[in-house]
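Data block below; observations after.
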Protein chains: 2
Amino acid sequence: MACEKVFAEQLRKRGLRMTPQREMVLSALHRVDRFATAEELYERVQRTSAAVDLSTVYRTLDLLREFGMVAAIEVGDRQTRYELLGVHGPHLHLACQGCGRIMGISLKAADPLLDKLLAGYGFEAQLEDVTIPGLCAECRARGAEPAHD
Amino acid sequence: MACEKVFAEQLRKRGLRMTPQREMVLSALHRVDRFATAEELYERVQRTSAAVDLSTVYRTLDLLREFGMVAAIEVGDRQTRYELLGVHGPHLHLACQGCGRIMGISLKAADPLLDKLLAGYGFEAQLEDVTIPGLCAECRARGAEPAHD
DNA sequence: CTAAATGCAAATATTTTGCAGGTTA
DNA sequence: TAACCTGCAAAATATTTGCATTTAG
């Protein structure tokens with residue numbers, strides 16, 4: 001996956017430019033463990049260059065989102081999390097309220113729901129960035145309560 | 001619907017108190033058109049008494065949420081919206097990205113998905129407060145683009 | 001009377017923006 | 001070299017909290 005290539009290509013297409021900062025953010029997205037907050041990515045980028053600003057991270061994430069290379073998802077808390085959409089493309093997210101883990105699964109599972117919403121309500125759902133809260137198998141086994149807050 | 005009764009009851013159960021402010025917030029939730037932000041509720045409450053503070057609105061909404069009388073849902077934007085859970089109880093929310101409208105529909109539609117998640121991933125989904133983005137029939141007919149932001 | 005609730009103001013947290021100066025193509 | 005990008009600082013937004021005072025029960 002020449003992500004950098006794709007990014008550079010998309011940038012050029014719009015008359016925008018590739019910069020070291022933008023490379024670093026993309027690279028951080030690769031190294032980070034799947035879902036990261038802007039702050040986490042910022043910290044990671046800083047290890048490479050302390051001069052990069054948080055606002056630049058946000059601006060780059062916005063671009064990557066526009067290009068469809070990154071998904072922005074919201075778990076319960078206030079922070080947005082970012083995920084690199086690699087070979088797998090968009091998917092559905094399951095967020096365990098017990099342990100905080102997030103799983104990405106195929107959109108296929110939601111096809112019946114999708115059809116039902118379209119047939120019954122004329123509603124064309126976009127489940128790509130939807131995050132479904134709940135409890136994962138382990139937490140259920142542990143008898144964990146769904147954290148309300 | 002003796003919502004006030006239920007509220008008062010729940011409060012008493014925990015040694016908390018009914019106050020005019022809390023009544024006003026609950027009342028505002030009734031009058032407001034289904035989904036309201038804290039700010040909207042605040043404005044409405046202020047028409048009755050200008051002395052009520054926004055923080056009190058938030059505190060009351062938190063209580064109502066704990067009591068399961070109110071659902072807090074997140075549409076794309078940063079603001080949380082609150083909805084009174086009346087006779088119908090919890091449901092699934094469809095948020096049109098074209099016109100901003102929010103529909104509440106029965107959780108039934110998602111039963112197959114629920115089963116699939118449980119069977120396939122051991123994940124017990126809680127769809128009560130989930131908001132699904134997409135396009136409603138009207139907006140699709142108008143050929144509206146799903147607003148990315 | 002006393003624990004709980006309120007208003008106020010200030011703190012937090014996250015994200016966005018304006019701008020002067022540096023940089024990329 | 002000209003449009004773009006960056007860092008910095010400050011603004012904007014949404015929500016939460018500490019505290020002195022008031023109030024419900």
Side-chain angles (χ1 to χ4, degrees), chain A residues 4-5 7-28 35-43 45-46 48-67 70-82 148-149, chain B residues 4-5 7-28 35-43 45-46 48-67 70 72-82 131 148-149:
Chain A
E4 309 241 336
K5 282 270 162 62
F7 192 16
E9 173 67 19
Q10 294 279 356
L11 286 170
R12 187 152 1 93
K13 206 182 287 179
R14 317 200 184 191
L16 306 179
R17 296 165 188 171
M18 181 53 96
T19 65
Q21 288 90 337
R22 288 177 178 169
E23 277 179 355
M24 283 189 266
V25 172
L26 184 52
S27 158
F35 304 92
T37 62
E39 195 71 35
E40 280 161 7
L41 292 168
Y42 171 59
E43 276 165 30
V45 165
Q46 289 239 313
T48 307
S49 164
V52 180
D53 195 75
L54 179 57
S55 64
T56 300
V57 173
Y58 274 110
R59 290 189 268 227
T60 305
L61 288 170
D62 274 353
L63 278 176
L64 287 166
R65 202 162 30 147
E66 276 181 43
F67 297 165
V70 152
I73 73 172
E74 323 234 0
V75 197
D77 53 359
R78 216 163 341 297
Q79 257 167 121
T80 302
R81 274 150 219 280
Y82 299 88
H148 184 259
D149 276 336
Chain B
E4 310 241 335
K5 281 272 163 60
F7 192 17
E9 173 67 19
Q10 295 277 359
L11 286 169
R12 188 154 358 94
K13 207 182 287 181
R14 316 200 185 191
L16 306 179
R17 296 164 187 173
M18 182 51 97
T19 65
Q21 288 90 337
R22 288 177 178 172
E23 278 179 353
M24 283 189 268
V25 172
L26 183 53
S27 158
F35 304 92
T37 62
E39 195 71 35
E40 279 161 7
L41 292 168
Y42 171 60
E43 276 165 30
V45 164
Q46 289 237 311
T48 309
S49 164
V52 180
D53 194 77
L54 179 58
S55 64
T56 301
V57 173
Y58 275 109
R59 289 190 268 229
T60 304
L61 288 170
D62 273 353
L63 277 176
L64 287 166
R65 202 166 27 149
E66 275 181 45
F67 296 166
V70 152
I73 74 175
E74 324 235 359
V75 196
D77 54 357
R78 218 162 339 296
Q79 257 167 121
T80 302
R81 273 149 219 281
Y82 300 88
T131 306
H148 186 259
D149 278 336

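Side-chain atoms are counted along with the backbone in the values below, which use heavy atoms only and exclude waters and symmetry mates. Each chain gets a letter, A, B and so on, in the order its sequence line appears, and its residues count up from 1.
The two residues T80(A) and A72(A) make their nearest non-hydrogen contact at CG2-CB, 3.8 Å. Residues V45(B) and M24(B) share a closest heavy-atom pair of CG2-O, 3.7 Å.
Look at CG on L16(A): it is 7 Å from P on dC4(D), rounded to the nearest Å. Distance CZ (R12(A)) to C1' (dC4(D)): 15 Å, rounded to an integer number of Å. Distance, L63(A) CG to dT16(C) P: 12 Å, rounded to whole Å. If you take CZ of R17(B) and C1' of dA4(C), they are 4 Å apart, rounded to a whole angstrom. Look at CG on L61(B): it is 12 Å from P on dT6(C), rounded to the nearest Å. Atom NZ of K13(A) is separated from atom C1' of dA25(C) by 18 Å (rounded to the nearest Å).
In terms of modelled atom types and a separation under 3.5 Å, the side chain of R22(B) and the main chain of R17(B) share a donor-acceptor contact. A donor-acceptor pair under 3.5 Å is formed between the side chain of Q46(A) and the backbone N or O of V52(A).
Among the nucleotides dC19(C), dA5(C), dG18(D), the one closest to the side chain of R59(B) is dG18(D).
A search for side chain to side chain contact (heavy atoms under 4.5 Å, CB included) contacts involving Q10(A) returns V6(A), K13(A), R14(A), F67(A), not counting sequence neighbours. With sequence neighbours left out, R78(A) forms a side chain to side chain donor-acceptor pair (under 3.5 Å) with no residue at all. Scored by the salt bridge (charged side-chain N to carboxylate O under 4.0 Å, His left out) test, R59(A) finds no partners at all (sequence neighbours excluded).
If you find the closest nucleotide of DNA chain C to R14(B) and to S49(B), the one lying nearer the 5' end belongs to R14(B).
The side-chain heavy atoms of L54(A) and Y58(A), taken from C-beta on, include a pair separated by under 4.5 Å. In this structure the side chain of E23(B) reaches within 4.5 angstrom of the side chain of E4(B), judged on heavy atoms. In this structure, T60(A) and F7(A) have side chains that are in contact, with non-hydrogen atoms separated by less than 4.5 Å. In this structure the side chain of I73(B) reaches within 4.5 angstrom of the side chain of F35(B), judged on heavy atoms.
Relative to the axis of its first five pairs, the axis of the last five pairs of the helix from dC1(C)-dG25(D) to dA25(C)-dT1(D) sits at 40°, rounded to 10 degrees.
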Tabulate atom names and distances for all N/O pairs under 3.5 angstrom spanning the protein and nucleotides 12-16 of chain D.
residue	atom	partner	partner atom	Å
dA14(D)	OP1	Q79(B)	NE2	2.9
dT15(D)	OP1	T80(B)	N	3.1
dT15(D)	OP1	T80(B)	OG1	2.9
dT15(D)	OP2	Y58(B)	OH	2.5
dT15(D)	O5'	Y58(B)	OH	3.2

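Within residues 19-26 of chain B, the residues approached by DNA chain C to less than 4.0 Å at the level of any non-hydrogen atom are T19(B), Q21(B), R22(B), in residue-number order.
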